[in-house]
J.: 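Here's a structure for you.
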Amino acid sequence: MARIVVVGSINMDLVTTVGRRPAAGETVSGDGFALVPGGKGSNQAIAARRAGAEVEFVGAVGSDVFADALRKVLREDGVGVARLREVDGPCGIATIVVDAGGENTIIVVAGANGRMTELSTADLETVAGADVLLCQLEIPVPTVLAAARHARANGTVVLLNPSPVRDLPDDVWAEVDIAVVNEGEAARLESALRDVPHVVTTLGGAGASYRGPGGLALAHPGFPVRVVDTTGAGDTFTGALAAHWHEGPAAALAWACAAGALATTKLGASASVPAAAEVEAVLAAAGAR
Ligand code: ADP
């Protein structure tokens with residue numbers, strides 16, 4: 001069983017649906033409201049766990065009413081929360097308004113995620129003891145760099161999902177073993193990715209491709225599914241890939257493509273992550289396992 005440590009974000013999404021968005025100073029009646037636990041770190045931790053890995057989460061919640069609910073989401077899936085700290089102030093929050101036309105407006109408050117500025121000795125020991133470190137860019141970049149450096153120095157493979165996409169200092173890229181990017185991120189980060197040993201590019205319904213050392217190139221087609229909601233497909237793919245990386249890139253790509261495809265068949269982000277048995281069934285039906 002792979003041991004994964006995620007150093008990353010955890011958020012509560014506040015999702016309001018409304019026929020028409022209010023103008024400045026106006027009040028309108030909404031149609032519905034939901035609290036949806038998220039954050040790329042938390043979503044990917046849950047995805048890696050459901051894909052069969054042992055997972056520890058290093059992150060931060062705030063001191064508000066959402067903290068317990070967010071902690072519970074990880075714990076219920078069996079993700080280790082011993083390194084989930086609580087800091088004063090709000091949790092990471094995304095306020096999302098969806099109108100009748102399906103258009104979104106989103107306000108993200110980093111909250112506790114923005115306060116992930118230090119890693120303790122125990123956090124670093126957890127990183128050193130894992131097989132794979134999984135990071136995204138919803139916590140401060142210097143923390144990602146510190147985690148990645150410590151991982152590399154201790155033989156832990158560093159997998160970076162550079163999302164939300166931004167330019168990163170070269171010293172971060174120097175620590176990355178595997179990058180998982182979607183097509184937009186691949187285009188934006190093209191030159192930085194050239195020096196990353198393993199690059200996996202997700203291609204939506206077309207599956208994913210892989211480029212590795214010595215010019216090794218692989219591709220896996222998308223699994224045909226009835227798409228309901230693509231939210232969380234990328235996070236599901238990335239967590240699953242981390243959990244199966246030890247089987248080699250071809251097997252990991254197939255597993256991640258099947259998991260990502262299944263995630264699109266249900267509503268939600270972490271709620272749509274399939275169980276390992278569902279993924280195995282899809283792979284068996286496709287003759288891939
Ligand atoms: P992101 O959401 O990060 O942009 P993608 O859209 O590339 O990422 O999706 C991630 C993965 O999820 C893909 O590589 C694929 O395996 C799976 N996936 C996404 N959309 C579909 C789809 N319509 N049909 C089948 N698989 C899909």
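For the single chain, residues carry numbers from 1 onward in sequence order. When a ligand or atom number is given, it counts from 1 through the structure's own listing order.
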J.: Is it the case that the side chain of Thr264 and the backbone of Ala261 share a donor-acceptor pair, with hydrogens and angles ignored and the cut-off at 3.5 Å?
T.: yes

J.: Using a side-chain heavy atom cutoff under 4.5 Å and only I, L, V, M, F, W and Y, what cluster partners does Val36 have?
T.: Val15, Ile96, Val98, Ile106, Val108

J.: Are any of the side-chain heavy atoms of Tyr210 and Leu216 separated by less than 4.5 Å?
T.: yes

J.: List, ordered by chain and residue number, the protein residues whose closest non-hydrogen atom lies under 4.0 Å from any atom of ligand 1.
T.: Asn182, Thr202, Leu203, Gly204, Gly205, Gly207, Phe223, Val225, Val227, Ala233, Gly234, Phe237, Cys257, Gly260, Ala261, Thr264

J.: Within the side chain of Asn161, is there an N or O that forms a donor-acceptor pair under 3.5 Å with the backbone of Ser163?
T.: no

J.: Just wondering, do Leu168 and Leu137 contact through their side chains at under 4.5 Å, heavy atoms?
T.: yes

J.: Is the closest side-chain heavy-atom distance between Arg85 and Val58 below 4.5 Å?
T.: yes

